[in-house]
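Predicted model only: the values in this text are computed from it and were never measured. Naming: A, B, ... by sequence-line order, numbering from 1 per chain. Only this structure's heavy atoms are used, side chains among them; waters, hydrogens and symmetry mates stay out.
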4 protein chains.
Amino acid sequence: MTTKDLILSTAKEMIAEVGFHKTTTANLAKRANISEGTIYRHFESKEDILLQILRDLEEAYSRFIVQCRETTDGGYGTIEKVLASHLGFVRENEADIKIVLSTYGILDAAKKSMASLVYRMESFFEDCLRKAKDKGVVYDVVPERQTALVMVTLLFGLMRLKLYWPEIEDLSEVATEFCRRSVVK
Amino acid sequence: MTTKDLILSTAKEMIAEVGFHKTTTANLAKRANISEGTIYRHFESKEDILLQILRDLEEAYSRFIVQCRETTDGGYGTIEKVLASHLGFVRENEADIKIVLSTYGILDAAKKSMASLVYRMESFFEDCLRKAKDKGVVYDVVPERQTALVMVTLLFGLMRLKLYWPEIEDLSEVATEFCRRSVVK
Amino acid sequence: MTTKDLILSTAKEMIAEVGFHKTTTANLAKRANISEGTIYRHFESKEDILLQILRDLEEAYSRFIVQCRETTDGGYGTIEKVLASHLGFVRENEADIKIVLSTYGILDAAKKSMASLVYRMESFFEDCLRKAKDKGVVYDVVPERQTALVMVTLLFGLMRLKLYWPEIEDLSEVATEFCRRSVVK
Amino acid sequence: MTTKDLILSTAKEMIAEVGFHKTTTANLAKRANISEGTIYRHFESKEDILLQILRDLEEAYSRFIVQCRETTDGGYGTIEKVLASHLGFVRENEADIKIVLSTYGILDAAKKSMASLVYRMESFFEDCLRKAKDKGVVYDVVPERQTALVMVTLLFGLMRLKLYWPEIEDLSEVATEFCRRSVVK
DNA sequence: AATGAATGAGGTTTCATTCAT
DNA sequence: CATGAATGAAACCTCATTCAT
């Protein structure tokens, strides 16, 4: 692993664990077993590290969504599959997601990242709903765009629940069923 | 207005605007037109101000929920009314809610406040669903407790959307409809 | 008790207990059940309170020494009696003495008070030794002034021991005997 | 000299001169020609600097006492030699000793240091007295332990005199003679 | 006389960032 | 590339003192 990646992955862990503010360059350097100065060889500032993490997450989501689109046709089970795969994405990118969720309120760059994620997720959900509507799987009365946004909203809520209150029982199935009843004939 | 209230309301504005960390005692004092020392005559620490704000919100929600319970019978329209009134509560307590949402990830006390809010909201929603089920308004297949939690989750998601992306069109109605379709016969 | 005396006696307790620096005007006011402003009606400054305490101690010692002189004739038992009565004085003015001892290193005024106490005690001891020498009770070889100072030094050391390490066994008798053997034939 | 040592020695000077409280980190930094932040690269807190100084003194005394024990046999002249060498130790560790003496009333850690010094000095004096008694040099009637403590007490008193009132004539010889007469046959 | 809120200077400490090696 | 000591601005907080009531 290159030094840059080491810094990046260590920072990811720490920010997810204790937050951006409590992740100091001193602690980061100590945990990564490098010197504080080295951080500034690879990143312009502490914020720059965060930006990189956010960019990486955006890319990861891009790759994920491409894969998703390939396997969604709008038939029965689409909604369920999409929600399930997204919950899987969260599970596999826990730290990164916790980071966006915890920084978009305090950092403009993070807010943009979050907006981008929301936008793409919403677009994808919208497409799914539209396809499903065309196939007669989803109620005609459902407004695709806004409903997609509602679902994205719910999804991010579930992510938070998982990340901040892991002791609460898993709601994946109930939430999926909740959505299914709402939109699927 | 007493000095304590002045500090409290100024802090509320600032924390909601720029977050807890960027709200420094120096800035707070300057904006409230008092000296930094004065803050510490009325509060033990900067964190203490936040705690007070959180306590106030909890109380406000308590009062709100009492009122809510009185006007909910579980008949047709209950779900809609409950969601609407909660969205109204958010509108009238914007700053406070933004503060809990933005601090529960970095402060244990805030996390407890948030947990308490979630718990009480969920309990209330659960009761509503149960009553409505008894009256034959809600599907028998809906699991009250978990569904209540799903709705709370969605509601908090909508709050965030409103607070952080006020430019996005209002989803209240669509979201209400989304829930209604999912649970009401 | 007048307010001034209340402040004085409360300050005495607190300074003896926790030291001059940790005795803040806020705490003092709280413990004396008065307001902070009231302190400044009766004293010019926090230091002024200390000065008053020191002056009181000087006066108390003056009165004590007058009484002492009356009952000392330089005969056998003089040294023992003088040491015993001084140890008694300490017992009855514990707080005040702890205060001088703990402040003369940090405050010029206190240093002067201490110097005055030392000077008068030394003078008195010197007189005693001289009288006793005249009566043939004390060795001719003992230099009165310096020996008096040595004894004063020892006495203050014993005071400290008593005040700061009260758990250590009482050395009064052994110390008295130590001095007696050194100067009495 | 390393920066750490520079801080240490500057702090030593200042604390001995003006006391621990009046030695502020700002002044310390200015006098040592470093920035305030630098202090905290080498010490955890202001108190930590004091602790280091105290530890150093304890070590210095340890080394000194080892040397002392080697050259004490309990024969005639032992008492005189021991007192003389201790007075020499004070002369060479003036600042450090002033620091313990001026802080043990306000800082628990310093009190422990002081207690440790007193304990070791007393033990050593006790041994000397015992040896000297065995050799018939010291009166049988002298209780070793308590007498040792009395002598330690006197010694610390002399130190204070030297450190706080250097203008007073040196009492070393008179005090030594005072002790000799009291214990040596 | 008494109050107690307000002050503001100054204390300790933190931390992102720089720079000589 | 890497180091880590040094920096200094700025954070939070304390406290003796003042002053309008």
Side-chain angles (χ1 to χ4, degrees), chain A residues 2-4 6-7 20-30 32-50, chain B residues 2-4 6-7 20-30 32-50, chain C residues 2-4 6-7 20-30 32-50, chain D residues 2-4 6-7 20-30 32-50:
Chain A
T2 68
T3 303
K4 185 164 186 174
L6 173 64
I7 295 172
F20 185 64
H21 271 105
K22 286 189 189 150
T23 298
T24 64
T25 49
N27 288 339
L28 174 55
K30 198 180 290 168
N33 252 78
I34 53 166
S35 80
E36 252 182 297
T38 301
I39 294 173
Y40 289 85
R41 292 233 139 254
H42 298 280
F43 298 93
E44 287 188 355
S45 66
K46 190 184 144 189
E47 199 178 311
D48 192 30
I49 302 175
L50 181 58
Chain B
T2 68
T3 304
K4 185 163 187 176
L6 173 64
I7 294 171
F20 185 65
H21 273 108
K22 284 190 189 150
T23 299
T24 66
T25 49
N27 289 340
L28 175 53
K30 198 178 289 168
N33 248 77
I34 52 168
S35 79
E36 244 179 303
T38 299
I39 295 172
Y40 291 89
R41 278 200 71 71
H42 298 281
F43 298 93
E44 288 189 354
S45 65
K46 191 184 137 186
E47 196 178 313
D48 192 31
I49 302 176
L50 181 58
Chain C
T2 67
T3 303
K4 184 163 186 176
L6 173 65
I7 294 171
F20 185 65
H21 271 105
K22 284 189 189 149
T23 298
T24 65
T25 50
N27 288 340
L28 175 54
K30 197 179 291 168
N33 250 80
I34 53 166
S35 80
E36 252 182 296
T38 300
I39 295 173
Y40 289 85
R41 292 233 140 253
H42 299 281
F43 298 93
E44 287 187 356
S45 67
K46 191 183 142 189
E47 199 178 310
D48 192 29
I49 302 175
L50 181 58
Chain D
T2 68
T3 303
K4 183 163 188 175
L6 172 65
I7 295 171
F20 184 65
H21 273 108
K22 285 189 189 150
T23 300
T24 66
T25 49
N27 289 340
L28 175 53
K30 199 178 289 170
N33 248 79
I34 54 168
S35 80
E36 247 179 300
T38 300
I39 294 172
Y40 290 88
R41 278 199 71 72
H42 298 281
F43 298 93
E44 288 189 353
S45 65
K46 193 184 138 187
E47 196 178 314
D48 192 30
I49 301 176
L50 180 58

[atom1]/[X] to [atom2]/[Y] distance, rounded to the nearest 0.5 angstrom?
X: T3(A); Y: I39(A); atom1: OG1; atom2: CD1; result: 11.5 Å
X: I7(B); Y: L28(B); atom1: CD1; atom2: CG; result: 7.0 Å
X: T23(D); Y: I49(D); atom1: OG1; atom2: CD1; result: 9.5 Å

*asked:* For residues 37-50 of chain D, which residue pairs pass the side-chain hydrogen bond (donor to acceptor under 3.5 Å, both in side chains) check, not counting sequence neighbours?
replied: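 Residue pairs passing side-chain hydrogen bond (donor to acceptor under 3.5 Å, both in side chains), neighbours aside: S35(D)-T38(D).
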Scan nucleotides 1-3 of chain E against the protein and return all N/O pairs shorter than 3.5 Å with their distances rounded to 0.1 Å.
{"residue": "dA2(E)", "atom": "OP1", "partner": "T3(C)", "partner atom": "OG1", "Å": "3.0"}
{"residue": "dA2(E)", "atom": "OP2", "partner": "H42(C)", "partner atom": "NE2", "Å": "2.7"}
{"residue": "dA2(E)", "atom": "N7", "partner": "R41(C)", "partner atom": "NE", "Å": "2.8"}
{"residue": "dT3(E)", "atom": "OP2", "partner": "S35(C)", "partner atom": "N", "Å": "3.1"}
{"residue": "dT3(E)", "atom": "OP2", "partner": "T38(C)", "partner atom": "OG1", "Å": "2.7"}

_Residue-phosphate contact under 4.0 Å: T25(A) side-chain N/O, dA16(E) OP1/OP2_ =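 Looking at the OP1 and OP2 atoms of dA16(E), one of them is under 4.0 Å from a side-chain N or O of T25(A).
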*asked:* Here's a test of your reading of the structure: between S45(B) and A26(C), which maps to the more 5' nucleotide of DNA chain F?
replied: S45(B)
*Start at the 5' end of DNA chain F and walk down; is the nucleotide closest to K4(D) or to E47(C) reached first?*
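Checking each residue's closest nucleotide, the 5'-ward one belongs to K4(D).
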_Candidate nucleotides dC15(F), dT12(E), dA16(E), ranked by approach to the side chain of Y40(A) - the nearest_ = dA16(E)
Can you measure [X] atom [atom1] to [N] atom [atom2] for me and round it to whole angstrom units?
X: K46(B); N: dA10(F); atom1: NZ; atom2: C1'; value: 12 Å
X: E44(A); N: dT18(E); atom1: CD; atom2: P; value: 10 Å
X: L28(B); N: dT7(E); atom1: CG; atom2: P; value: 13 Å
X: F43(D); N: dT12(E); atom1: CZ; atom2: C1'; value: 16 Å
X: K22(D); N: dC15(F); atom1: NZ; atom2: C1'; value: 16 Å
X: K30(B); N: dA11(F); atom1: NZ; atom2: C1'; value: 13 Å
X: D48(C); N: dT17(F); atom1: CG; atom2: C1'; value: 13 Å

*Nucleotide opposite dA9(E) in a Watson-Crick or G-U pair, distances under 3.5 Å*: dT14(F)
*Could you check which nucleotide pairs with dA20(E) in any of the strands shown, counting Watson-Crick or G-U wobble with both distances under 3.5 Å?*
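Partner of dA20(E): dT3(F).
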*Nearest nucleotide by nearest heavy atom, which residue falls closer to the 5' end of DNA chain E, F20(D) or H21(A)?*
F20(D)
_Using the side-chain hydrogen bond (donor to acceptor under 3.5 Å, both in side chains) definition, which of the options N27(A), T24(A), T25(A) pairs with E36(A)?_
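Of N27(A), T24(A), T25(A), side-chain hydrogen bond (donor to acceptor under 3.5 Å, both in side chains) with E36(A) is met by T25(A) alone.
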